There are 2 protein chains.
Amino acid sequence: MSDIRKLAAMPAADTGAPAALAVGLTAAIVAATGEEPRVLVVRTAQGSDALPSGPLEAQHRTLEAGLRNWVERRTHQALGYVEQLYTFGDRDRRETDGEGAQRALSLGYLALVREARPTGAADASWQSWYRYFPWEDWRGGRPAAIAALEPPLREWAAQGGKLGQERLRLNFGLGGARWNEERVLERYELLYEAGLVPERLRDRNEGAPLPEAARGVAMAVDHRRVLATAIGRLRGKIKYRPVVFELMPSAFTLSELQRMVEALSGVRLHKQNFRRLVEQQGLVEETGDTRSETGGRPARLMRYRREVLVERLAPGVRLPAMRRT
Amino acid sequence: MSDIRKLAAMPAADTGAPAALAVGLTAAIVAATGEEPRVLVVRTAQGSDALPSGPLEAQHRTLEAGLRNWVERRTHQALGYVEQLYTFGDRDRRETDGEGAQRALSLGYLALVREARPTGAADASWQSWYRYFPWEDWRGGRPAAIAALEPPLREWAAQGGKLGQERLRLNFGLGGARWNEERVLERYELLYEAGLVPERLRDRNEGAPLPEAARGVAMAVDHRRVLATAIGRLRGKIKYRPVVFELMPSAFTLSELQRMVEALSGVRLHKQNFRRLVEQQGLVEETGDTRSETGGRPARLMRYRREVLVERLAPGVRLPAMRRT
DNA sequence: GATAAAATGCTCAAAATGAGCATATGAGTT
DNA sequence: AACTCATATGCTCATTTTGAGCATTTTATC
């Protein structure tokens, strides 16, 4: 019987009875206040930070509807934008290394809310996402975390030969390579492989050698991986879909918009070019008002032109080059 | 208790016992021979076309490893590239509209194989993906399927007001809007909403009004949706990751490479500009040989420069503008 | 009224892009 | 051997898009 024939013959070919698994949702709920992108974080019983997560409920027509309902029912936050990130199902996502560990699937979601309301609870809070990824914030120049991580990373890479070194160089912008703000997940995975994040050490019962300021705050299970995926996805998405506006108030100045984009992408942008792009793309229009509490010449207030969403299938805020100086 | 507190308090906050669901894999296994991108298709017991799919097995360390193993065990095809597409879990994916339908999750995967071996089986075969999406092939100019679909689409859009009409215009490149080859899924979803694909009619027990040449061949359950996702993802990916080479033989001419890209993206490209991009990006190098069976001046044979993968984190084949004429 | 701090306006060179003309080199034909 | 086809390959050119930075305007503050 041909190989392909076997394929055709397996139960696979029809839609009958797949395996039953434990399936959960994990949501990276993002807001931004002031200069910081924030993510909603809860405390686990074990005292570690975690993303809100829970079982998948069966009563909704679509997964996204289920996610929306699930979050909104509990937070009364209106989710502006929801996107499925990835389905994580690796065996090693268990907290303990127990052998008979049942495989659990986790559907990761990214959700954007316009304002980060005070939580009023000790066990749920909005945290800057750079708390978990200190090496991702280049707005103030090269982060100290990178400097701290560089030596152990290089040591690790040396064992990986030329390939490992190139991988390090390119992902972390070392040795002249330029920083690519979207490779958040790749960097986290590399750090994990290099044994430099607490999750890995935890998973192998080793001690943590690096200060938290360098390695970032750990999260339960694989939640930091989910968050890394969310950040990377969002950083990519703002360039070709107008999702930033889901995080902005209804009226804003161009500088505020720029600071939001900078906060999300973690890099500084060339101001005049940023404005040129945003304006010439017709993403925004003047409200007619100005805001004078800016410490300088008053800024025009803008609003998002909702029409563009359908008008041009939603182009995003293209980023001008990162400011070099 | 604050809303957020509730969120924190729910079982969700830890990783305990999520709901058990039926979970399956569905794979779009793509190869390309000659001028056609092909997908491996099996026949269901009911006689309809389907993608290979089966239950998720628990013994692998990662989902991707499981998928690779699963496919390779059955087809003995080496999967060059594997990518998780999306997790489909909508209620309406059931074939019959039965009420108590249990929710089934389906993890969609895209896999690329270098050659489409003859199947030798009547119930498994490599089919051009344009069989299922005749409106996606613009290589020979505007497809006849678009012309056939346009009147009923316009009729449908008229009921949706200005928004619906814009959506139609932009997704299908009507009225001067330019064709965007990546929006495969959006177009399929729109056709589904408009009731123009058999799946929708089947789901609502209605008859099919359009000829197959226009509406495309239907697939079981939501497999055409999975395939649409795969095509769209691949069409986007080849622009920024060198995945095309996973489908090419080890040595090829630039024209062959171009024809492959055109087959996948479904549009014709400007030849000289295509070469300029590929060459100046250093994606390929000459093998030194030439091939003279081209019917004209012999072409240099090229090979993919494997180094670029790590060297530059794998840029893709940027597409020059679609050929206008 | 000077000064500082932004916001806004404008210029310019370099790079990337979209099109198309011109030439080269084989196979098959006359 | 000259000629014709059919591609492959080389090169040019106008236009757009970027990346950078200088200059001017408009408030609040000293």
Side-chain angles (χ1 to χ4, degrees), chain A residues 34-35 178-181 239-240 251-262 265 267-303 312 315-325, chain B residues 34-35 178-181 239-240 251-262 265 267-303 312 315-325:
Chain A
E35 305 278 283
R178 79 184 257 182
W179 179 257
N180 180 339
E181 74 280 354
K239 293 176 188 167
Y240 60 95
F252 49 84
T253 69
L254 289 178
S255 288
E256 286 166 351
L257 180 62
Q258 180 176 352
R259 278 194 293 273
M260 175 69 82
V261 172
E262 289 176 338
S265 59
V267 297
R268 292 261 170 239
L269 306 174
H270 184 286
K271 183 167 182 162
Q272 296 92 321
N273 291 347
F274 177 82
R275 302 160 146 270
R276 176 174 62 187
L277 274 182
V278 171
E279 294 198 306
Q280 94 189 165
Q281 285 180 121
L283 289 173
V284 298
E285 64 190 2
E286 302 186 39
T287 65
D289 298 325
T290 61
R291 168 171 299 163
S292 45
E293 312 89 55
T294 54
R297 172 172 171 176
R300 295 168 298 162
L301 277 174
M302 316 295 279
R303 78 165 70 91
R312 307 214 266 122
V317 177
R318 301 229 300 286
L319 307 193
M322 193 189 311
R323 233 181 35 192
R324 301 288 180 200
T325 47
Chain B
E35 306 279 283
R178 79 183 255 182
W179 179 257
N180 180 338
E181 74 280 357
K239 293 176 189 167
Y240 60 95
F252 48 84
T253 68
L254 289 178
S255 287
E256 286 166 352
L257 180 61
Q258 179 176 353
R259 275 193 294 273
M260 176 69 82
V261 171
E262 289 175 338
S265 60
V267 298
R268 292 263 169 237
L269 305 173
H270 184 285
K271 182 167 184 163
Q272 296 93 323
N273 291 348
F274 177 82
R275 303 163 144 266
R276 178 172 62 189
L277 275 181
V278 171
E279 294 198 307
Q280 96 190 163
Q281 285 180 123
L283 288 173
V284 298
E285 64 192 2
E286 302 187 40
T287 65
D289 297 324
T290 60
R291 169 171 298 164
S292 45
E293 312 87 56
T294 53
R297 173 173 172 175
R300 296 168 299 163
L301 277 174
M302 315 295 281
R303 78 166 70 89
R312 306 213 266 124
V317 177
R318 302 231 298 288
L319 308 194
M322 195 188 310
R323 232 179 38 190
R324 303 291 182 198
T325 47

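Residue numbers begin at 1 in each chain, while the letters A, B, ... track the order of the sequences. All figures in this text were calculated on a predicted structure; none of them were measured in a lab.
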Figure out the [atom1]/[atom2] separation between [X] and [N], and round it to whole Å.
X	N	atom1	atom2	answer
A/R268	D/dG19	CZ	P	18 Å
A/E256	C/dA7	CD	C1'	12 Å
B/F252	D/dA8	CZ	P	14 Å
A/R291	D/dA28	CZ	P	14 Å
B/E286	D/dA8	CD	P	14 Å
B/F274	D/dA8	CZ	P	12 Å
A/N273	C/dC10	CG	P	15 Å
A/E293	D/dT29	CD	P	11 Å

Exercise for the section: State whether the distance check finds a donor on one side and an acceptor on the other, under 3.5 Å, for side chain A/R297 versus base C/dT8. Expected result: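 Check fails, no donor-acceptor contact within cut-off.
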Handout entry: Derivation and outcome, side chain to side chain contact (heavy atoms under 4.5 Å, CB included), residues A/R275 and A/K271
Key = CA-CA 6 Å; A/R275 302 160 146 270; A/K271 183 167 182 162; 4.0 Å; yes
Handout entry: Proximity to the side chain of A/Q272 - top-ranked nucleotide from C/dG26, C/dA7, D/dA23
Key =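 Selected nucleotide: D/dA23.
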Completion exercise
Against the side chain of B/L277, the closest entry in D/dA20, C/dT17, D/dT9 is C/dT17
Practice task
Start with the C-alpha gap between B/Q258 and B/V278, add the side-chain angles, then the distance that decides, and say whether side chain to side chain contact (heavy atoms under 4.5 Å, CB included) holds.
Solution key: CA-CA 10 Å; B/Q258 179 176 353; B/V278 171; over 6 Å; no
Practice task
Could you tell me whether a side-chain N or O of A/E262 sits under 3.5 Å from a main-chain N or O of A/L269, the two making a donor and an acceptor?
Solution key: yes
Exercise for the section: For A/T287 and A/R303, indicate whether the former's side chain and the latter's backbone hold a donor-acceptor pair under 3.5 Å. Expected result: no
Practice task
Would you indicate what B/T253 reaches in the nucleic acid, counting non-hydrogen atoms under 4.0 angstrom: base, sugar-phosphate, or nothing?
Solution key: nothing
Exercise for the section: For A/R276, report the nucleic acid contact type (base, sugar-phosphate, nothing); a contact means any heavy atom under 4.0 Å. Expected result: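 Here A/R276 touches the bases of the nucleic acid.
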Contact under 4.0 Å: [X] side-chain N or O vs [N] OP1/OP2:
X	N	result
B/S292	C/dG26	no
B/R275	D/dG10	no
B/K271	D/dT9	no

Completion exercise
Heavy-atom nearest nucleotide on DNA chain C taken for B/G295 and for A/G295; more 5' hit belongs to A/G295
Handout entry: Atom pair CG (B/L301) and CD (B/E256), whose distance is rounded to the nearest 0.5 Å
Key = 7.5 Å
Problem - Earlier contact from the 5' end, DNA chain D, for A/G296 and B/L254 - result: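 Result: B/L254.
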